2 protein chains.
Amino acid sequence: MSKSSNGSLEVIQNVADNLRQARLQQGYSQEALATRAGISRRMLVNIEAGENNASIATVDKLASALGLAFSEMVRPAFPTRNESSLPLRIWQGEQADSHASLLESVVRPGMVLELWRWQLAAGDSYHAEADAPGCHEIIYLLSGVLEVRLPQQCHQLQAGQSLTFASDQLYSYHNPGTLPCAFTKNILMYPHG
Amino acid sequence: MSKSSNGSLEVIQNVADNLRQARLQQGYSQEALATRAGISRRMLVNIEAGENNASIATVDKLASALGLAFSEMVRPAFPTRNESSLPLRIWQGEQADSHASLLESVVRPGMVLELWRWQLAAGDSYHAEADAPGCHEIIYLLSGVLEVRLPQQCHQLQAGQSLTFASDQLYSYHNPGTLPCAFTKNILMYPHG
DNA sequence: CTGATTTGTGCATTATATTTCACAGACCCA
DNA sequence: TGGGTCTGTGAAATATAATGCACAAATCAG
């Protein structure tokens, strides 16, 4: 009776992690976000701590206030190896079959940087949704050929070239070549433009 | 506000629809599913009717009992974020004999990000001065082997590994292998730490 | 140092999700 | 006809989500 279904539940912990991460990324204080979402700060603290079991409506209010889809609040959070004073971290990447892996994530008061490693098989495409407003990406093509398609324009990159573009719009990657292509991708997000 | 946040909420209606559909498909009666999920039938009726606002834990119990992922119960909505555009730059990668080239540089209030491409011939070293206080670097090794030497420690990277370290101290790169090594390097600088 | 802001915690109160029980209508089958 | 299961609804009781307030610790600017 006492412990019914608390932090042990995976989904609840996901909500907690995603909530905190998104709130800090967008530069909201607890008070500010709670007001914006129309809930009490006390509740927000509890949810962020994974200490209770919010209702669907409450989670939805928070998601809306953060500009996220409900499902984005519930899915497993990113591994946030990040932050703090003297980071010395080594990260063994290379899970060969996945097309993308997160190498590093740096969270700072006004901004977030994520470093990704991508690869696309010959002919493959990836269609992305728009990132948060103000985001942009820096792509550096390691090998092969890559086409970056934006609503207005389309750019083809050769190995060794880099491209910077605003990612707060629909975009997609496409590998038009006959060999796999690999690239690194930096995502920059800042709440206040 | 007595019933404000009830059936009007899209997510709640999604849960209702998905729940009923999955339950009938799998041939459960309300009683059977409620028992299996460990909730009361009364609750299940309410949720299926979209008449209340269940907790995360309750929806999760139902999802598990039906063999569904939580996200499958809430069927994501479509956020339409767009607008805005930022620099679209493309950088023609030159490949000089120089060991390093600057691919991109992003300046924002409070921070600067530089993206570099480096390479070291076999046996070569590079000794750097300390960067400004608070700086750190993220290195991603593309090929070969690289040794990063810090005052306290020394790390050896294989291709595909990444390393994050504070660069506001003396450090040096060394290629201990018999082949050239190549890596990308992100430098993060914040005027205010 | 002071003062302002942010965050975490405890507690009493209110709102509501959740349970349990009871009953009624609908449907199928013998 | 009558007994069986399945379903929707109502109401009272209970558990707990959610609020509001007060306070302490940590952080940060002046």
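Please read all numbers here as calculations on a predicted model, not as lab measurements. Every chain is numbered from 1 and lettered A, B, ... according to where its sequence line falls, protein lines coming before strand lines.
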From CA spacing to verdict: side-chain contact (heavy atoms from CB on, under 4.5 Å), A/Tyr28, A/Leu66: CA-CA 9 Å; A/Tyr28 287 115; A/Leu66 288 166; 4.0 Å; yes
Touch class at under 4.0 angstrom, heavy-atom based, for B/Ala54 against every strand present: sugar-phosphate
Verdict with supporting geometry, B/Ile47 and B/Val59, side-chain contact (heavy atoms from CB on, under 4.5 Å): CA-CA 9 Å; B/Ile47 298 176; B/Val59 174; 5.5 Å; no
Candidates B/Arg42, B/Arg23, B/Arg41 - the one meeting salt bridge (Lys or Arg N to Asp or Glu O under 4.0 Å) with B/Glu48: B/Arg23
Note, A/Val74 side chain near B/Val74 side chain (heavy atom, < 4.5 Å): no
B/Leu115 side chain near A/Thr184 side chain, heavy-atom distance below 4.5 Å: no
Any B/Arg20 side-chain N or O less than 4.0 Å from OP1/OP2 of D/dG8: yes
Proximal nucleotide (of D/dG8, C/dT18, D/dA17) relative to the A/Asn52 side chain: D/dA17
Whole-Å distance separating the CG atom of B/Asn53 from the P atom of C/dT18: 8 Å
Which residue lies more 5' along DNA chain D, comparing B/Ser55 with B/Ser29 via nearest heavy atoms: B/Ser29
d(CD, A/Glu48; C1', C/dT6) in whole Å: 12 Å
Nearest-angstrom distance from the residue atom CD of B/Glu51 to C1' of C/dT18: 15 Å
A/Leu44 and its side chain to side chain contact (heavy atoms under 4.5 Å, CB included) partner, picked from A/Gln30, A/Arg20, A/Glu31: A/Gln30
Atom-pair distance (CG on A/Leu9; C1' on D/dA17), nearest Å: 15 Å
Value in whole Å for how far the C1' atom of C/dT5 lies from OH of A/Tyr28: 18 Å
For nucleotides 19-26 of chain D, tabulate all protein N/O to nucleotide N/O atom pairs closer than 3.5 Å, reporting atom names and distance.
residue	atom	partner	partner atom	Å
D/dT19	OP1	A/Ser40	N	3.4
D/dT19	OP2	A/Ser40	N	3.0
D/dT19	OP2	A/Ser40	OG	2.7
D/dT19	O5'	A/Ser40	OG	3.4

